[in-house]
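Here's the structure, in structure tokens; my notes come after.
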Amino acid sequence: MSQHTSILGAGLIGSLLGVYLKKRGLDVHIYDKRPDWRTLPSSAEGKSINMAISHRGWKALEKVGLREKVEAHTIPMYGRRIHDEHGTTYFQPYGKHDEAIYSVSRNILNSVLLDEAERAGVELHFEHKVEHVDVAQNKVYFSLPDGQAKEGESSVIIGADGAFSSLRNAMQKQMRFNYRQEYISHGYKELSIPPTADGEFAMDPNALHIWPRGNFMLIALPNQDKSFTCTLFLPFEDEKVSFDKLRDKQDVEGFFKTYFDDAYQLMPTLTADFCKNQTAALVNIECYPWTINHCLLIGDAAHAIVPFYGQGMNSGFEDCFILDGLIEKYGTFSWDLVFEKFQKTRKPDTDAICKLAMDNFREMCDRVADPRFLIRKKIEAKLHEMFPYEWVPLYSMVTFTDIKYSEAYAIGKLQEAVLDKVMRDPFIAQKWENLDYHAILDNVETSKAV
């Protein structure tokens, strides 16, 4: 057989992977059950949480020459702007030296990647719904809109078709396939803040805005049209404040006036958006193995995570980067070796970022508004300033470096334990600037040695 490669899913990961594999000289075909959304009116594109590109994503885009094309559609966010219940805001920088994460529309980013894949010679097949994948024979069976059936055979099949992957569903029927799926108690609903009457941003455009309220929160990311995409994260049910308690427009207005009044004043279409936009669920998915025969799972199909570290897309892009490095090393006629190396190398890191995303959810909802947490962040920032290579905050390791997620997780746990001890001092708010920072660092180094 020729090196016919089928990618299931024309989303962010599938389209970027198509560019990578085409550059390796493969005959690449991408299949998606949806119509080509690039040809649809913007109102039909659907809604989604905005993407936040960080170092790992940029590194993957840069390798195939796409950084500049994507960067043109982004807005830098240099930190979190926290909104308290009284409307007061304060800024928490993400890093130093103007380190930022970059807000971008999912649909715009996906269109840029698909355009590049098409330009590179990737064959795109829309409205191809996967009915079955025969992982033993490397065959995919599709149904088309007119009712016809279609069969495709490939040297390689890669499932980049998201959390509810058709390829993974087929692989689950194989012997000794481990799978775990967990929906968290919270769902999300997308809302929006439009530009002001004079066409400007209604809030600081260079920050990720967060309204933390304990067990729930609202966030907002800027768009290039001067609007903000807002996302409400709220329990589905069984809580004092939850989606099931918001039954009509009066409930929604009362809820926002009570908890997010400054945002409410900027949201003229709130109730219409709330009623129109669906409430979506959030899921973590773990599975193993990721490869059977010459079939491979990648991105959310292998390791879907909740969006609270902004690493779902970035980790998927890093998957593409790492897989391409293995192909470069071992060649395109050693798929068994490439896929085996990929899953064994990558699985510990995706497990780690899954844990980190859930930890960050609790931090964003609650701890970012805690005065003692702010002191803790100041101590950590000073440690990083004094010892830039010896102490790197966990968020910076994950977001602004390509340190393995699993290594960042382990180092972060050591640093967390040391800071927990420092924060036990009841007078830490008064004395944090004059601490013995060398001794704090020594405690971390001692813990690493142990």
Side-chain angles (χ1 to χ4, degrees), residues 47-55 57-58 70-106 108-109 188-213 216-233 256-257 259-270 273 307-311 313-314 360-361 363-371 373-375 377-378 380-381 393 395-396 398-400:
K47 298 290 184 180
S48 68
I49 299 175
N50 268 38
M51 301 291 102
I53 308 176
S54 56
H55 175 78
W58 285 125
V70 171
E71 205 163 18
H73 300 284
T74 67
I75 296 176
M77 300 180 292
Y78 297 102
R80 299 166 171 168
R81 184 161 291 281
I82 310 301
H83 297 244
D84 70 18
E85 292 188 30
H86 306 291
T88 303
T89 72
Y90 45 95
F91 186 74
Q92 293 178 358
Y94 281 131
K96 58 181 185 177
H97 307 307
D98 289 333
E99 288 176 322
I101 59 178
Y102 291 76
S103 175
V104 64
S105 158
R106 173 192 286 270
I108 289 174
L109 176 57
Y188 72 92
K189 187 182 289 284
E190 185 176 276
L191 305 165
S192 64
I193 292 176
T196 61
D198 55 358
E200 294 302 320
F201 284 106
M203 305 183 295
D204 177 3
N206 294 120
L208 191 158
H209 294 259
I210 305 179
W211 291 258
R213 300 295 183 261
F216 57 95
M217 67 176 171
L218 179 72
I219 69 170
L221 280 74
N223 297 307
Q224 288 196 323
D225 66 359
K226 306 295 181 70
S227 69
F228 286 84
T229 298
C230 304
T231 310
L232 173 66
F233 296 98
F256 269 80
K257 286 180 181 178
Y259 295 104
F260 312 115
D261 189 56
D262 60 330
Y264 173 77
Q265 303 302 327
L266 305 174
M267 304 171 80
T269 60
L270 168 65
D273 291 344
F308 304 115
Y309 224 115
Q311 288 297 303
M313 174 196 66
N314 289 288
N360 210 46
F361 174 49
E363 178 176 305
M364 291 172 73
C365 275
D366 193 12
R367 297 182 69 198
V368 292
D370 182 347
F373 178 76
L374 301 182
I375 296 296
K377 285 297 182 185
K378 288 178 180 178
E380 190 166 45
Y395 187 87
S396 294
V398 169
T399 308
F400 302 124

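Atom set for the values below is all heavy atoms of this structure, side chains included, hydrogens, waters and symmetry mates excluded. Counting begins at 1 with the first residue of the sequence.
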Any donor-acceptor N/O pair, Asn314 side chain to Ser54 backbone, under 3.5 Å: yes
Heavy-atom pair with the smallest gap, counting every atom of Pro222 and Met77: CD-SD, 3.5 Å
All salt bridge (charged side-chain N to carboxylate O under 4.0 Å, His left out) counterparts of Lys189, not counting sequence neighbours: none
Which residues share a ring pair (Phe, Tyr, Trp, His ring centres under 6.0 Å) with Tyr395, sequence neighbours left out: Tyr94, Tyr309
Closest approach of Ile53 to Val70 (non-hydrogen atoms, all atoms of both residues): CD1-CG1, 3.6 Å
Residue pair Cys230 / Ile193: nearest heavy atoms and the distance that separates them: SG-CG1, 3.5 Å
Results of side-chain hydrogen bond (donor to acceptor under 3.5 Å, both in side chains) for Gln224 - residues two or more places apart only: none
Chi angles and distances behind the side-chain contact (heavy atoms from CB on, under 4.5 Å) call for Leu266, Phe228: CA-CA 10 Å; Leu266 305 174; Phe228 286 84; over 6 Å; no
CG on Asn360 to CD on Gln311, rounded to 0.5 Å: 10.0 Å
Pairing residues for Ala100 by the side-chain contact (heavy atoms from CB on, under 4.5 Å) criterion, not counting sequence neighbours: Pro76, Tyr78, Tyr102
Separation of Thr89 OG1 from Ile82 CD1 (nearest 0.5 Å): 9.5 Å
Contacts of type salt bridge (charged side-chain N to carboxylate O under 4.0 Å, His left out), residue Glu99, not counting sequence neighbours: none
Atom pair CG/CG of Leu208 and Leu221 - distance to nearest 0.5 Å: 4.0 Å
Evaluation steps, ring-ring contact (aromatic ring centres under 6.0 Å, His included), between Phe260 and Tyr264: CA-CA 6 Å; Phe260 312 115; Tyr264 173 77; over 10 Å; no
Non-neighbouring partners of Asn206 that pass side-chain hydrogen bond (donor to acceptor under 3.5 Å, both in side chains), sequence neighbours left out: none
Residue list, side-chain hydrogen bond (donor to acceptor under 3.5 Å, both in side chains) with Ser192, at least two apart or on another chain: Asp273
Considering all heavy atoms, the nearest Gly199-Lys226 contact: O-CG, 3.6 Å
Those residues that, when tested against Ala381, pass side-chain contact (heavy atoms from CB on, under 4.5 Å) (two or more places apart): none
Residue pair Met51 / Thr74, side-chain heavy-atom distance below 4.5 Å: no
Side-chain H-bond candidate by donor/acceptor type, Asn223 with Ser105, under 3.5 Å: no
Inter- and intrachain pairs under salt bridge (charged side-chain N to carboxylate O under 4.0 Å, His left out), touching residues 202-212, at least two apart: Arg81-Asp204
Side-chain donor/acceptor of Arg213 to backbone N/O of Tyr259, under 3.5 Å: yes
Set of side-chain contact (heavy atoms from CB on, under 4.5 Å) partners for Asp262, sequence neighbours left out: His83, Trp211
Note, Leu109 side chain near His73 side chain (heavy atom, < 4.5 Å): no
Test salt bridge (charged side-chain N to carboxylate O under 4.0 Å, His left out) applied to Glu71 - qualifying residues, sequence neighbours left out: Arg67
Set of residues satisfying side-chain contact (heavy atoms from CB on, under 4.5 Å) with respect to Pro205, sequence neighbours excluded: Phe201
